[in-house]
Amino acid sequence: MNWFGAAYYPEHWPRERWKKDVRTMGEIGINVVRIGEFSWSVVERKRGEIDFSVLDEAVDLLDSEGIKVIMGTPTCTPPPWLTKEFPEILQKDVNGLVIASGSRRHYCFNSKIYREETSRIVEAFADHFGNDPRIVAWQIDNEFGCHNSTVCFCEDCAVAFRVWLKKKYGSIDKLNKAWGTVFWSQIFNDWEEIEPPRRTLTSPNPSLVLDYKRFSSDSAIDYHNLQREIIMRKSEAPITHNLMVNFTEIDYKKLSDSIDFVSWDNYIVGDYDPDLQALNHDLMRSLKKQPFLVMEQQPGRVNWRTVNPSYESSQLSFWVKQSFAHGAFGSLIFRFRQLPFGSEQFHTGLIDYDGEPTERAQAFSKAIEKLTDWSVVVPQREAAIYIDYENFWINDTDNLNNKFDLLLDGILPVYKSVRSLGYNVDFVFPGDSLEGYLLAFVPSSFKLERCFVEELRRFKGDIFFTALTDQKDGRNFIKKTEESFITELMGLRVVDAGGIETKVEISFTDHVFNGSFVVEKILPSEDCEVLAVYLNGPFTNHPALIKRANMYYLSTVPEIGSFQTLLIEAGIERKASGPGRVIKDESNTILQNPFPHSITMEVGGKDYTLNEYEVRRVQTGLSKNNR
């Protein structure tokens, strides 16, 4: 069964309203609702006085309409009585200032007191709801790391960091060597001398910063596992956590090992780009190589952007269908009803402030009708893009061009270019196999793991590297040539490099391409073929693109249009053309038009015209059941 639903907060509304809300849910077609994740002060108004009557009545009413429940643990929002009693659970920022309560996500993952309080309240939830068959899944907490809350600099974190370091390095001498502490007289004699990378006059040690980001990610995952272990003892329902759009502060690949299915919150954080939303869908599917759930689907306007634009209700229909095209098994709207008070009062919902269904509710209901019988899409393996979450953290330390964003400037242009040629995209991670893929891309991957290098060595399809790849090692040190995997694979040396403010031009065949952010001066080996050279910039007339066997190296960061044409000129087959996008699984080709006007696209030699925001499934093969 595909899941269609919304986030609902019965505590926000008078009890006499609940029946009508639930009846409206049934009329829309909703079959799953998430509740509970912000309910701590409702369930436990005072310490020890736990009362589940609000949630119990909500679950009963939802069940009366055949609606199942995803139960959230309420630890994202510790109640005021708790932070008043234990102010030491609050985070400290990089300046050492306490993050005040009064919002959400203000607790520290490493606070021993908060971990004890977490165990207590989660145990109560699990005891009460663990055997309830109407609870079809658990969501632990809510959006780990949101509002810049991944990294805390309090004393609890300082103590936990030292323990983490002792486990990793074993001795202070090994740590000093791994961090290069001889620089700026930073040599440590004792673990107690090590502090978190709080505000300094200039850049802190980049190796310390990288390890602190690793530690902070591990702290969030460890806190998640604390709750997971409690729930698993009490309930057989699957466990998830709602991941976030464009978020790279926590290693989602490692976190995905501790959840039973991936769920994520699909929001538009800047100018709307359907490919960016598609990238996030593909990333979420790739984490466990399984179908995923959109736990929060933006219905229209949000409340948290500097300018909160309105969106057509027909766009909501497309957003939901797009998620299913990329492998979702469900979509829940955030939120069911618009709220006239609190910090999210300008956020839209399916039901308006007066309690009446909106055009968005109608659009969602029609989307449900279209998608109810959809089988889960499992895209065929075609193109693989490499991601290592540690590379995002390396990108955030000292860089050639500190304006460069690895996700948006390095990975997204490659993703858009590959998708525009009609290829499915999966993301692969250290330890993953490339078996079955046609193409592999390694965009600006500062650090490469040996296991993936061996996978590249075995891979027979075309491989494309872009600038900055294999620049660093796991310590966040610049690699010497003798340590270079790129030299080992392609026989080239990067002998110089620089950040650039303006674009550079590259000559390849009869075309001129643009590069940006950085350029590298490379020396290819004799068995490399020089395909393109720089027409301007600091390395004019030097190689910009080289090829060795099935591997290509581009010594700058490509722009979207340039890289698409470059791939074609390099001999990559175009499988689709036109402004739309295509997904292929074993049985169907799914055509998508993300625009408010009709388009024509060509796929497999056939032209298709799609209406505005249309998602069309065209049967192209026989499913296993029909063979």
**Prompt:** Do Tyr252 and Met284 have side-chain heavy atoms sitting under 4.5 Å apart?
**Reply:** yes
**Pair Asp470 + Lys447: basic N to acidic O under 4.0 Å** = no
**Prompt:** Counting heavy atoms not belonging to Asn131, are there more than 12 under 6.0 Å from its CG?
**Reply:** no
**Request:** Tell me yes or no: between the side chains of Asn593 and Tyr613, is some donor less than 3.5 Å from an acceptor?
**Result:** no
**Fill in**
Sequence neighbours excluded, the answer for side chain to side chain donor-acceptor pair (under 3.5 Å) partners of Tyr608 is none
**Prompt:** Is Asp585 close to Ser587 at the side-chain level, that is, under 4.5 Å between some pair of heavy atoms?
**Reply:** yes
**Asked** What closest approach, in Å, do Cys528 and Ile546 show between heavy atoms, and which atom pair accounts for it?
**Response** SG-CD1, 3.9 Å
**Asked** Between Lys416 and Asp273, is there a salt bridge with N-O shorter than 4.0 Å?
**Response** yes
**Prompt:** What are the two closest non-hydrogen atoms of Val376 and Pro291, and how far apart are they?
**Reply:** CG1-CG, 3.4 Å
**Asked** Can you pull the salt bridge (Lys or Arg N to Asp or Glu O under 4.0 Å) pairs that have at least one residue in residues 596-615, sequence neighbours excluded?
**Response** Glu614-Arg616
**Request:** Considering only NZ, NE, NH1 and NH2 on the basic side and carboxylate oxygens on the acidic side, decide whether Arg34 and Glu296 come within less than 4.0 Å.
**Result:** yes
**Message:** Would you say that Phe427 contacts Leu279 through its side chain, given a criterion of any heavy-atom pair below 4.5 Å between the two side chains?
**Reply:** yes
**Message:** Tell me every residue that passes salt bridge (Lys or Arg N to Asp or Glu O under 4.0 Å) with Arg23, counting only those two or more places apart in sequence or in another chain.
**Reply:** none
**Prompt:** Would you call Arg134-Asp132 a salt bridge at under 4.0 Å N-O?
**Reply:** yes
**Message:** Is any side-chain heavy atom of Met244 closer than 4.5 Å to one of Cys146?
**Reply:** yes
**Carboxylate-amine/guanidinium proximity below 4.0 Å for Lys254 and Asp218** = yes
**Ion pair Glu454/Arg457, N-O distance below 4.0 Å** = yes
**Prompt:** When you check the side-chain N and O atoms of Asn266 and Gln297, is any donor under 3.5 Å from an acceptor?
**Reply:** yes
**Asked** Is there a side-chain contact between Leu610 and Ser598, using heavy atoms and a 4.5 Å cut-off?
**Response** no
**Request:** Name all residues meeting the side-chain contact (heavy atoms from CB on, under 4.5 Å) criterion together with Lys547; count only those two or more places apart in sequence or in a different chain, and write none if there are none.
**Result:** Glu529, Leu531, Tyr552
**Message:** Check the orientation of His597 and Phe595. Use parallel for under 30°, tilted for 30 to 60°, and perpendicular for over 60°.
**Reply:** parallel
**Item:** Pair Ser331-Ser323, side-chain donor/acceptor within less than 3.5 Å
**Value:** no
**Prompt:** Can you name the ring-ring contact (aromatic ring centres under 6.0 Å, His included) partners of Phe563, sequence neighbours left out?
**Reply:** none
**Prompt:** Sequence neighbours excluded, which residues qualify as side-chain contact (heavy atoms from CB on, under 4.5 Å) partners of Asp260?
**Reply:** Arg228, Pro238, Ile239
**Pairing residues for Phe429 by the ring-ring contact (aromatic ring centres under 6.0 Å, His included) criterion, not counting sequence neighbours** = none
**Message:** Tell me whether the rings of Phe144 and His241 are parallel (<30°), tilted (30 to 60°) or perpendicular (>60°).
**Reply:** parallel
**Message:** Tell me every residue that passes side-chain contact (heavy atoms from CB on, under 4.5 Å) with Thr589, counting only those two or more places apart in sequence or in another chain.
**Reply:** Val582, Lys584, Leu591, Val603, Thr620
**Asked** Any idea how Tyr311 and Tyr272 line up, ring-wise: parallel (<30°), tilted (30 to 60°), or perpendicular (>60°)?
**Response** perpendicular
**Item:** Partners passing ring-ring contact (aromatic ring centres under 6.0 Å, His included) against Phe324 (at least two apart in sequence or in another chain)
**Value:** Phe4
**Request:** Give the intermediate values and the outcome of side-chain contact (heavy atoms from CB on, under 4.5 Å) for residues His326 and Gln592.
**Result:** CA-CA 11 Å; His326 285 264; Gln592 304 171 59; 3.8 Å; yes
**Message:** Holding to side-chain contact (heavy atoms from CB on, under 4.5 Å), I want the full list of residues that pass it with Lys575, two or more places apart in sequence or in another chain.
**Reply:** Glu382, Tyr423, Leu438, Glu573
**Prompt:** If you draw the axis of the six-membered ring of Trp393, does the NZ or CZ of Arg214 fall within 45° of it and under 6.0 Å from the ring centre?
**Reply:** no
**Message:** Taking ring-ring contact (aromatic ring centres under 6.0 Å, His included) as the definition, give me every residue that meets it alongside His347, ordered by chain and number, with sequence neighbours left out.
**Reply:** Phe334
**Request:** In plain terms, say whether Glu249 and Lys213 are close enough for a salt bridge, that is, a side-chain N and a carboxylate O under 4.0 Å apart.
**Result:** no
**Asked** So Trp3 and Phe329, would you call those rings parallel, tilted or perpendicular, with 30° and 60° as cut-offs?
**Response** perpendicular
**Prompt:** Between Asp405 and Asn395, is any side-chain donor less than 3.5 angstrom from a side-chain acceptor?
**Reply:** no
**Message:** Using a 6.0 Å cut-off, check whether atom NZ of Lys370 has over 12 heavy atoms from anything other than its own residue.
**Reply:** no
What side-chain donor-acceptor pairs closer than 3.5 Å can you find for residues 63-73, not counting sequence neighbours?
unit_1 : atom_1 : unit_2 : atom_2 : d
Ser64  : OG     : Leu61  : O      : 2.4
Thr73  : OG1    : Asp141 : N      : 2.8
Thr73  : OG1    : Gln227 : OE1    : 2.7

